[in-house]
Amino acid sequence: MNDAAVLRPGKLPEFLPVAKAVIPAAGLGTRFLPATKVQPKEMLPIIDTPTIQFVVQEVVDAGITDILIITGKGKRSIEDHFDRSWELEEALAKNGHADLLQQMRDISNMANIHYIRQKEFVGLGDAIYYSKQHVAGEPFAVLLGDTIVDTPGVTATRQLMDFYQVWRCPVIAVEEVPRDKVSRYGVIQGKQIDDRTYIVEDLIEKPTPEEAPSTLAIGGRYVLTPSIFEFIERTPKGKGGEIQITDALRMLCKQERLYAYRFDGKRHDIGNRLDYMKSSVEFAIRRKDIGEEFREFILELAETLRKEASS
Ligand code: G1P
């Protein structure tokens with residue numbers, strides 16, 4: 001036998017960059033009833049822009065144009081929003097609203113958006129499992145459709161993608177939250193390896209403040225590799241009787257390297273009434289068109305409230 005042939009190394013597995021994004025948007029939105037009785041929570045607007053449009057923009061800004069949105073019953077308006085609306089375009093053109101017309105066209109050209117419907121509301125893990133065929137063996141980004149992440153520089157998704165490019169392992173975005181709020185989130189236990197990076201050793205979905213191993217909460221952005229699907233298949237129903245992605249990741253981190261990255265930016269959870277109001281105010285203050293007047297209104301209101309409180 002030819003020795004050279006025996007010693008020749010095998011072909012290294014090809015490294016694939018993240019080129020696909022999955023946006024789960026199938027949840028019932030119970031925390032926002034009655035607004036979400038017939039309207040998806042992902043379509044709740046921040047001023048005039050549906051939340052999911054910010055999320056799609058984050059994907060596009062990260063350089064990804066292939067998006068799979070996991071929808072479900074009652075979510076059809078999401079598809080309509082990213083489609084063309086001929087009647088509306090015609091009316092805008094006829095009435096001389098060139099800017100608005102362009103804006104509407106731009107929305108339908110943002111990305112190549114595919115849709116699949118989750119048949120039963122049995123949790124985020126199950127929703128993500130619906131993307132198995134679409135991601136077809138490639139790494140992929142996951143962005144929760146009811147969460148906006150505002151970043152000073154590159155988007156949160158891009159931060160995770162850049163991390164993945166170097167470390168080549170799945171990574172989840174985390175942020176510090178007050179201990180009395182941990183029960184709203186998945187929380188990690190990790191070994192810190194630098195200012196922003198942790199090796200995940202354990203995860204717990206919605207722990208009590210006493211149970212929580214840390215105050216590092218999962219922030220609704222993930223870069224996952226296809227091995228997650230095997231773990232989801234083995235994940236029993238957990239918190240709320242749902243198949244939790246946190247539980248699947250918990251199994252994964254015992255067998256594979258999983259990182260958590262404390263991203264640079266601020267998360268806005270739109271599915272929560274109080275956060276929704278806070279986010280709307282913050283975004284309105286920064287808007288070019290209404291920001292100045294709105295800021296004055298807020299200052300006047302604050303002054304009135306202060307006087308009321310001290311009288
Ligand atoms: C989901 C995840 C949770 C994560 C949270 C972030 O929970 O299950 O781990 O911390 O999103 O918003 P949900 O808000 O859908 O209940």
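Atoms within a ligand are numbered from 1 in the order they appear, just like the ligands themselves. Given the structure is predicted, the values throughout are model-derived calculations rather than measurements. Just the heavy atoms: all of them, side chains too, but no hydrogens, waters or symmetry mates, feed the values below.
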Are Arg257 and Tyr259 close enough that a side-chain donor and a side-chain acceptor fall under 3.5 Å? yes

* **Check ion pair Asp150-Arg286 (N to O, under 4.0 angstrom)** => yes

Value for CZ (Arg31) from CZ (Arg273), rounded to nearest 0.5 Å, stands at 9.5 Å

Present, as a list of atom pairs with distances to 0.1 Å, all nitrogen or oxygen contacts under 3.5 Å between ligand 1 and the protein.
unit_1, atom_1, unit_2, atom_2, d
ligand 1, 7 (O), Lys206, NZ, 3.3
ligand 1, 8 (O), Glu205, OE1, 3.4
ligand 1, 8 (O), Glu205, OE2, 2.7
ligand 1, 9 (O), Gly186, N, 3.1
ligand 1, 9 (O), Glu205, OE1, 2.7
ligand 1, 9 (O), Thr246, OG1, 3.3
ligand 1, 10 (O), Gly186, N, 3.0
ligand 1, 10 (O), Ile218, O, 2.7
ligand 1, 12 (O), Arg267, NH1, 3.4
ligand 1, 16 (O), Lys206, NZ, 2.7

### Message
One thing to verify: whether Asp61 and Arg158 come together as a salt bridge, which I'm taking to mean a side-chain N less than 4.0 angstrom from a carboxylate O.
### Response
no

- prompt: Side chains of Glu233 and Tyr129: donor-acceptor distance under 3.5 Å anywhere?
  reply: yes

message: Check this for me: Gln133, atom CD, are more than 12 non-hydrogen atoms of other residues, nucleotides or ligands nearer than 6.0 Å?
response: no

